Amino acid sequence: MTTDDRVPVTVLTGFLGSGKTTLLNRILTEEHGKRIAVIENEFGEIGVDNDLVVNADEEIFEMNNGCICCTVRGDLIRILSTLMRRRERFDHILIETTGLADPGPVAQTFFMDDELAERLRLDGIVTVVDAKHVWQHVDDAPEVAEQVAFADVILVNKTDLVDPPDVDRLEGMLGTMNAVATVHRTTHGEVDIDAILAIGGFSLEHALEVDPAFLQPTYPFEWAGVFGAGDEDLVIDLDTGPDEAIDLLALSVSDASPAALDEVLGVATPVFTDGPTAIASGGVMVPGHTARLDVGDQGASIAVHSSGPVAIFTQHGPDEFRMRFRRGIAPTEPAAAREFAPDHEHDESVTSVGLTAPGDLDEDRLKEWLGTLLQEKGVDIFRSKGVLSIAGEPRRYVFQGVHMLMDGTYGAPWDGDERRSTLVFIGRDLDREALERGFAACRA
Amino acid sequence: MPGMSDPTMQSLLGSVDRVDGLPGLPADLSWSPDGTKLAAGLGDGPVVIIAPGGSPDAISVLEGHDGGTTSVAWRPRDADLVASGGLDGAIRVWSASGAHAARVHEVSPIDWVQRVAWRPDGAVLAGIAGRALVVLDDDGIAHRFDDHESTLTDMAWHPRGRAIAVSHYGGLTSWSPRHADGTPRRFRWKGSSLRLAWSPDGRHVATGDQDSTVHFWIMKSGKDLQMWGYPRKVQELSWDSVGRHLATGGGPEVIVWDCSGAGPAGTEPVVLDVDGTPLVDVAFAPAGRAMAAVTDGGTLAVWDMRDPRASGVEVDLPAAATALAWSPDGRRVAVGDAGGGVSVAELAT
């Protein structure tokens, strides 16, 4: 079989009020020339003439063995196998889930049920988030984090109702939860249809596309900026923030350039975590020593005892404490700044862990490790993806999984490309160090 | 069938006729009680009435169900009435001759009708839609049983019409319409039962399940036996005419269990290979000794079950099979296919 003639399926998830229905209506009314069957959740209210709309009741089938990977959506099996018994085929099937639906059983349905797997292929999971209200939902409803974690595409919708820096911050948080999803910013669900219906998120042919920043090591700080020299001390003013104190570090640099910032990055990490000194508001910090500034419920100021170019590292993003910088009384801005993926996003336990290493992996050890890992931690690992270099194998090994289910095949040859293995796990309470150790032990 | 001394030399099947050009794919087939006509419910909507062996003009197309027809059932002892269910959430009763107007019974505004079945005496009709089982008489819906924990997947009458069994996630439930306010009997299995078949002697109900098992329920005691090891979910089930043998699909082979005596536990089933797997359906003839199976690859296989290993014959269909039904006399087998046709094969002797 050279071409995959199975009908693609897109799963649309998102919390109530995120704009899912608006997006669905847009997809259905736009001139795209596709015949789409829509499986709506039981609360849906869409009336469309040319496409078939069926209501689903989100019926979870658990199997007798209690294995989570055997949990499937019975309603989808029933509906989809009936839809396949028609002469007129659909070009695409769109499944809308309720705001509280767990995407796991939906995705697993297309792997677990042979009849559907032969006729349909899961193209991708699209999650719509409400830029304004998602913050409270992420804390209140674990389903929102799961929907973000499972997504191949995340639409940050209603961005017109939120200030751009807040959207940036939201995107940063979504990125730490799910580093491999493509994020689009939208208002009223306005997005190119192909960005939704032709994702190839579950296609093994699609090589892993991961934001390179994500594969970098994590840092104990979330932000760094470099400031040029001045006649007076650099002063940082802070309002109150999510915590009562914040750790800050200043390091002298050769000049106020991005390259100079990168140069001290390696030094900054150990210094930052090496026992900060408590400093009260109005105090002065010396370059090379980490300060723990008490912000309290009043806000605080701290001066940096340096007139030369200096890099400032902050435990939290500047916007969280509304940080302002000045020399004397003159406000100033960093000449260059960088954000870093935080180690832990407050209470959020859903994260992505990316692993990459040059060279080959040993096939037997890899199988043993991955098999045991997915068996034991499969409940918490929502999605996994990888492009691996197996010793003695001229082609890339490409795999992806949903919970404990895994599907892999050999893809394009390495030829002259640098052989390298890259793996991503998205899940809840992932133990990065254990994953790094396990992965390292597989290296050939 | 006398003198099959050399079965390999003697084909079980005679002629095969095919009617094509139907306005959709047959999802379900049902013969008229006299075996002269065949009703086909099309997944695309219409219900068609075919006279096998008659002229192609003899096809009559009934409106059917908007969105698709899922089930058709010709009324026992009646040459004219055919019931159907479909995605419009209605049960419709058609006059095959067109002599009477169709009757419509709206069952659900949301859920579609999955299956319709007449009580064996033809006096009462039952249907399932969503979590509801409805029983209809001449005046409309007489009973409605909603007390099920999930959507109903299949339904069958007791062979003498005493009760109706429905399958669903979590096992089986059996209702007795004669005691409509009574409580049902529950037969629990933590899995999803997809298809059921009540044995002609009334003693057993078999279910095919999503978790690739077959359950063999002993109705009197409420106990069950589980048959494991099927490669796929099991949606193909059929009892022979006396309730001794149970044919099952659930993969590339037909597996036939002998359920006499203490039941199939610990016994070796008969395993029959078919080309073009996976199986789409299996069916014992309601009379006589023949059994048929059809596949997604477009094969019809027929066996004489007195000596199945030696007697199997296969016929290539022009497309994947979609439905299978024996005529009431067990002499002809009809197969619907994804090419929009119905083939009728006749036993040779």
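Worth knowing before you read on, the calculation uses all heavy atoms, side chains too, and leaves out hydrogens, waters and symmetry mates. Small disclaimer: the values here were computed from a predicted structure and weren't measured.
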Side chain to side chain contact (heavy atoms under 4.5 Å, CB included) between R383(A) and I125(A), intermediate numbers included: CA-CA 11 Å; R383(A) 298 274 303 258; I125(A) 297 176; 4.1 Å; yes
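Within the 4.5 angstrom heavy-atom criterion, atoms from both the backbone and the side chain of E115(A) approach chain B. Looking at P23(B), only its backbone comes within 4.5 Å of chain A, counting heavy atoms on both sides. Of the atoms belonging to T151(B), heavy atoms from both backbone and side chain fall under 4.5 Å from chain A. With a 4.5 Å cut-off on non-hydrogen atoms, I79(A) touches chain B through its backbone and its side chain both.
Among D209(B), T207(B), T248(B), the single residue meeting the side chain to side chain contact (heavy atoms under 4.5 Å, CB included) criterion with V214(B) is T248(B).
The aromatic rings of F382(A) and F150(A) sit parallel, their planes meeting at an angle under 30°, below the 60° perpendicular limit.
Here CG of L42(B) is found 13.0 Å from CZ of R85(A). Values are rounded to the nearest 0.5 Å.
When I110(B), T153(B), D111(B), D296(B) are compared by the number of non-hydrogen pairs under 4.5 Å with chain A, D296(B) comes out ahead.
Taking the side chain as every heavy atom from C-beta outward, D113(A) and V72(A) never approach each other to under 4.5 Å.
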